[in-house]
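Ligands are counted one by one from 1 in listed order, and the atoms in each one are counted from 1 as well.
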Amino acid sequence: MSKITVSTLNKMKAEQQKITALTAYDASFAKLFYDNGVDVVLVGDSLGMVLQGGDDTLAVTNTDIAYHTRCVRAGSRDLFVIADMPFMTYSSPLQSCENAAQLMRAGANMVKLEGGEWLYDSITALTQQGIPVCGHLGLTPQSVHVFGGFKIQGRIEEQAKKMITDAQALEKAGAQMIVLECIPAELAKRITDAVDIPTIGIGAGNQTDGQILVMHDLVGISAGYIPKFSKNFLLETGNMPDAVKKYCNDVKSGTFPSVEHEFK
Ligand code: KIV
C-alpha cells in the first residue's frame, strides 16, 4: 500500500494543504520525485508526445501505459500513482473495467479518464469494482481534433457552467479527484468550490487543491518551448533534485503558479 492514499489527499484538501503532482514514466524519476516531496505521480498519456515524439496523445495504448506504470511503481512503493486511460479505451463500462484492471495490476492506485457527464456509467462501474477514478476536464488532449487544436477551454460562460455540472456529475458517479487543464483561473476556483473532491490544476491558476506539470516542462525540454502555464525550475536551481524541491515548495506556498502563468 502506498504511503499516500485517497484519504490523505482528501485530508489535504480539507486542511487546505496543496497537493503536488508531476508526470513520471520510469523508475528513476519516480524515486527522485518521491524523495523530493512529490505527493502524486501521473503516468500520463502525454508520454505519446514527450517520450514517443507524437504530435498528440492518440497513438498511446493501454499496454504502453501499463508498461510505464510498472516502471514507475518499481521506483517507489510509497508514491500515489495515477495511470491515464488512453484514447478509446473507456468507451463503455465493460471496456473501461477491463482496461483499468490492466493498469491497476501494473501498480496504479487510480485511473484517469478524460471527459464529463457522459462518463457517468463507466465511473460508477469502475468504482463499484474497486477502481478509484480521477476525472479530467477542460483542455482534454484526447479531444484535440474536436477542439481544433490545444486551446484554452471554458472562456464562454455557457461552457463554464457546463464544466461545473460535469465536475459535479463526475463526483456523483464516484470520482475521487479531478484534473483541470488550461481553463481560466476563476473557473477553476468555481469548480474547486463546487465539489468536495480534490482538484489538481495545470494551466488553471493557483486556487485548485493541487498542481501538476508534465515533468519535461518542469525542466524546460518539452518540444523546445515552455508553455505559458509552466516554468523551468531547473534553470533556477541547476540540478534535478532541487528543481523538484523548489516546484513542490512553490506549489505548497502558493507562489507557483503565479498570475503570469494563468489564463483569464
Ligand atoms: O497526460 C498527461 O500528462 C496529463 C497531464 C497533462 C495532466 O493528462
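Note that CD of Q142 is 7.0 Å distant from CG of L58, once rounded to the nearest 0.5 Å. Y90 contributes atom OH, which lies 10.0 Å from atom CD of Q95 (distance to the nearest 0.5 angstrom).
Side-chain atoms of Y247 come within 3.5 Å of backbone N or O of A21 as a donor-acceptor pair. Under a 3.5 Å cut-off, the side chain of H136 and the backbone N or O of E114 do not form any donor-acceptor pair.
Residue contact check: H136 has heavy atoms under 4.0 Å from atoms 8 (O) of ligand 1. Near I202, meaning under 4.0 Å from one of its heavy atoms, ligand 1 places the atoms 6 (C). The distance from ligand 1 to the heavy atoms of T23 drops below 4.0 Å at these ligand atoms: 3 (O). Contact atoms of ligand 1 toward G44: 1 (O), 2 (C), 3 (O) (distance under 4.0 Å to a heavy atom of the residue). Ligand 1 places these atoms under 4.0 Å from at least one heavy atom of E181: 6 (C).
For the pair S46 and ligand 1, the shortest N or O to N or O distance falls below 3.5 Å. Considering backbone and side-chain N/O of D84, one or more are found under 3.5 Å from N/O of ligand 1.
Ligand 1 lies less than 4.0 angstrom from a heavy atom belonging to K112.
Contacts of T57 with ligand 1, taken as heavy-atom pairs under 4.0 Å, are absent altogether. Only the side chain of L42 comes within contact range of ligand 1, with a heavy atom under 4.0 Å; no backbone atom does. Both the backbone and the side chain of D45 come within 4.0 Å of ligand 1, counting heavy atoms alone.
With respect to E15 and K252, no salt bridge is recorded, no charged nitrogen being found less than 4.0 Å from a carboxylate O. For the pair K31 and D78, the salt-bridge criterion is not met [side-chain N within less than 4.0 Å of a carboxylate O]. With respect to the salt-bridge test (charged N to carboxylate O, under 4.0 angstrom), the residues E158 and K162 do not qualify.
Cation-pi geometry between K231 and F233 is met: under 6.0 angstrom from the ring centre, within 45 degrees of the axis.
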